[in-house]
Amino acid sequence: MQFGIFSVGDVTPDPTTGRTPTERERIKAMVAIALKAEEVGLDVFATGEHHNPPFVPSSPTTMLGYIAAQTEKLILSTSTTLITTNDPVKIAEDFAMLQHLADGRVDLMMGRGNTGPVYPWFGQDIRQGINLAIENYALLRRLWREDVVNWEGKFRSPLQGFTSTPRPLDDVPPFVWHGSIRSPEIAEQAAFYGDGFFHNNIFWPADHTKRMVELYRERYAHYGHGTAEQAIVGLGGQVFMRKNSQDAVSEFRPYFDNAPVYGHGPSLEDFTDQTPLTVGSPQEVIEKTLAFRDYAGDYQRQLFLLDHAGLPLKTVLEQLDLLGEEVVPVLRKEFAVNRPADVPEAPTHQSLLAAASEKVTVA
């Protein structure tokens, strides 16, 4: 099972000081957080993609390439790659290039994002969001798997005799997760292709996450990729920790109350009761995260959100120390207990290459 962190890259004032980091400071902080993730033994760092304030990660592969040059083991991913408004050709080429630079330590998560105005900025119509996701991804798959592509669709100009360059590393495309909070069509898409499904359940109650994951698992089996239990599932999570849970609540409360997404809404207590957000001791984080398996089944990837709402870099790095030293080692051990032997591990470039080689040998 893989454990890591994801960032949305928000530039938010620290409510305890009133200071807002510069864009440069926030970008550099994201890099420092990724490097720290590898240092403390995490497996994955994922960045979001946004094209509007107050966010900075508008060019994920640029950032991930820079991080790749300074890491050795960390898997570099996205918590959203905008399949709706990005050109599939550019996605194909950018992530294949990143594969080569990072020696295969790359996967990505397709998503539609949560910013409506981004669609017209890139010449698209938000009312076509699902259709864009379906058509663009179908083309992306072909660009990675066929040396020469002839294609015509509804949302971009036709391609005639087109070859995407560079080709995927070892002719193995990056593994793809499809991320969605509320759209069953995306769970269906992930299942159809046998790709991974990531439910970023940081804002939603367990019963909603359960329904979405069960739908994906059922359809994965329907399409013949394996049993429902063998489907590839990832979950989000959100934590803030201190050794003493009361200290965690006291320190995090002003950040929660003023957060761009859920600030000035539900109370911290209600939100932690109704969603996966955990604010407390490392042991409380362990217990709540282990409970995800009760409604999502055995799964492959767990990503945590740590760096948001104006939290200073020093505090985030302290969170990573706690996560790497006290939380993740226990989670690795406990999630392995009673895990069925036929539940697959999280895909990596190495495992996908081995599977591809096995198919060639059998053929």
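Taking the centre of each ring, Phe240 and Phe256 stay at or above the 6.0 Å mark. If you look at Tyr299 and Phe335, their ring centroids are closer than 6.0 Å. Between His178 and Tyr216, a ring centre-to-centre spacing not shorter than 6.0 Å is recorded.
Thr289 places a side-chain N or O within donor-acceptor distance of the main-chain N or O of Val285, the cut-off being under 3.5 Å. The backbone N or O of Ser183 sits less than 3.5 Å from a side-chain atom of Ser180, completing a donor-acceptor pair. Of the possible donor and acceptor atoms, one in the side chain of Gln319 sits under 3.5 Å from a partner among the backbone N and O of Met241. Looking only at distances, no side-chain donor or acceptor of Glu229 sits under 3.5 Å from a matching main-chain atom of Asp342. Proximity of a side-chain donor or acceptor of His225 to a complementary backbone N or O of Phe192 within less than 3.5 Å is detected. Under a 3.5 Å cut-off, the side chain of Asp87 and the backbone N or O of Val89 do form a donor-acceptor pair. The closest donor-acceptor contact from the side chain of Glu38 to the backbone of Glu72 lies under 3.5 Å. At distances below 3.5 Å, not a single donor-acceptor pair connects side-chain atoms of Ser351 with backbone N or O atoms of Pro347.
Annotation for Glu49 and Ser58: closest pair CG-O, 4.4 Å, computed over non-hydrogen atoms. Minimum interatomic distance between Ala296 and Val213 (heavy atoms only, all atoms of both residues): O-CG1, 3.8 Å. Thr275 and Lys288 make their closest contact through O-NZ, 2.8 Å (heavy atoms, listed as atom of the first residue, atom of the second, distance). Contact detail for Leu169 and Gly104: the closest heavy-atom pair is CD2-N, 3.4 Å. Of all heavy-atom pairs between Ala133 and Thr84, the closest is N-CG2, 4.0 Å. Among all heavy-atom pairs drawn from Pro260 and Asp10, the shortest one is CG-OD2, 4.4 Å.
For the pair His100 and Pro166, the minimum side-chain heavy-atom distance is below 4.5 Å. The side-chain heavy atoms of Val106 and Leu108, taken from C-beta on, include no pair separated by under 4.5 Å. Using a 4.5 Å heavy-atom cutoff, the side chains of Gln2 and Ile75 are in contact. A heavy-atom distance below 4.5 Å is found between the side chains of Phe95 and Thr78. With a 4.5 Å cut-off on side-chain heavy atoms, Pro54 and Arg26 do not count as touching. Proximity of Tyr295 to His208: side-chain heavy atoms (C-beta onward) are nowhere separated by under 4.5 Å. Between Val11 and Thr20, the closest side-chain pair of non-hydrogen atoms falls below 4.5 Å. Side-chain contact between Leu353 and Asp171: absent, with no pair of heavy atoms (C-beta onward) separated by less than 4.5 Å.
Glu25 and Arg19 are joined by a salt bridge, as a carboxylate oxygen and a charged side-chain nitrogen come within less than 4.0 angstrom of each other. Between Glu284 and Arg242 there is no salt bridge, since none of the side-chain N atoms of the basic residue sits less than 4.0 Å from a carboxylate O of the acidic one. Taking the charged nitrogens against the carboxylate oxygens, Asp195 and Arg141 do have a contact shorter than 4.0 Å, which makes a salt bridge. A salt bridge does not link Lys154 to Glu135: none of the charged nitrogens lies less than 4.0 Å from a carboxylate oxygen.
Linking ILVMFWY residues whenever their side-chain heavy atoms come closer than 4.5 Å, directly or via other members, leaves Met97 and Leu352 in distinct clusters. The hydrophobic clustering, which links ILVMFWY residues whose side-chain heavy atoms are closer than 4.5 Å, places Val239 and Leu235 together. The cluster map of Ile, Leu, Val, Met, Phe, Trp and Tyr, joined by side-chain heavy atoms under 4.5 Å apart, puts Phe292 and Ile232 in the same cluster. Following chains of ILVMFWY side-chain contacts shorter than 4.5 Å, one can reach Leu317 starting from Val31, so the two form part of one hydrophobic cluster. One hydrophobic cluster holds both Val330 and Leu303 under the rule that ILVMFWY side chains link at heavy-atom gaps under 4.5 Å.
Considering Arg301, Arg105, Arg332, Lys73 as possible partners of Asp43, the one that fulfils the salt bridge (Lys or Arg N to Asp or Glu O under 4.0 Å) test is Arg332. A side chain to side chain contact (heavy atoms under 4.5 Å, CB included) with Ser164 is found for exactly one of Arg142, Glu93, Glu146, namely Glu93.
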Apply side chain to side chain contact (heavy atoms under 4.5 Å, CB included) to Ile83 and Thr81, showing your working.
-> CA-CA 6 Å; Ile83 188 62; Thr81 292; 5.9 Å; no
Go through the steps to decide whether Arg253 and Glu269 satisfy the test salt bridge (Lys or Arg N to Asp or Glu O under 4.0 Å), and finish with yes or no.
-> CA-CA 10 Å; Arg253 187 179 299 280; Glu269 287 73 18; 2.5 Å; yes
Starting from the C-alpha separation in whole Å, work towards a yes-or-no answer on side chain to side chain contact (heavy atoms under 4.5 Å, CB included) for Thr80 and Met109.
-> CA-CA 5 Å; Thr80 303; Met109 188 190 308; 5.6 Å; no
Please lay out, stage by stage, how Leu139 and Leu159 fare under the test side chain to side chain contact (heavy atoms under 4.5 Å, CB included).
-> CA-CA 10 Å; Leu139 173 56; Leu159 298 174; 3.9 Å; yes
Given Phe45 and Leu64, is the side chain to side chain contact (heavy atoms under 4.5 Å, CB included) satisfied, shown in steps?
-> CA-CA 9 Å; Phe45 172 80; Leu64 295 177; 4.1 Å; yes
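Crowding of Met1 atom CE: a count of heavy atoms from other residues, nucleotides or ligands under 6.0 Å exceeding 12. The number of heavy atoms from other shown groups lying within 6.0 Å of CG (Asn338) does not exceed 12. For Glu23, the CD atom sits in a loose shell: 12 or fewer heavy atoms of surrounding residues, nucleotides or ligands are nearer than 6.0 Å. Enclosure of atom OH in Tyr66 is not indicated, since only 12 or fewer non-hydrogen atoms of other residues, nucleotides or ligands lie within 6.0 angstrom.
Rounded to the nearest 0.5 angstrom, Ile5 CD1 and Leu323 CG are separated by 8.0 Å. Separating the CD atom in Glu39 from the CG atom in Asp321 is a distance of 7.0 Å, to the nearest 0.5 Å. Remark: Tyr137 OH to Leu143 CG distance equals 11.5 Å, nearest 0.5 Å. In this structure, OG1 on Thr315 lies 8.0 Å from CG on Asp14, to the nearest 0.5 angstrom. One distance of note links CG of Leu132 with CZ of Arg156; it measures 12.5 Å at 0.5 Å rounding. In this structure, His50 NE2 and Ser79 OG are separated by 6.5 Å, a value rounded to the nearest 0.5 Å.
Ring geometry for His199 versus Phe197: interplanar angle of 30 to 60°, hence tilted.
Checked by atom type, the side-chain pair Gln283/Glu287 shows a donor-acceptor distance below 3.5 Å. Under 3.5 Å, the side chains of Gln128 and Asn131 contain a donor-acceptor pair of N or O atoms.
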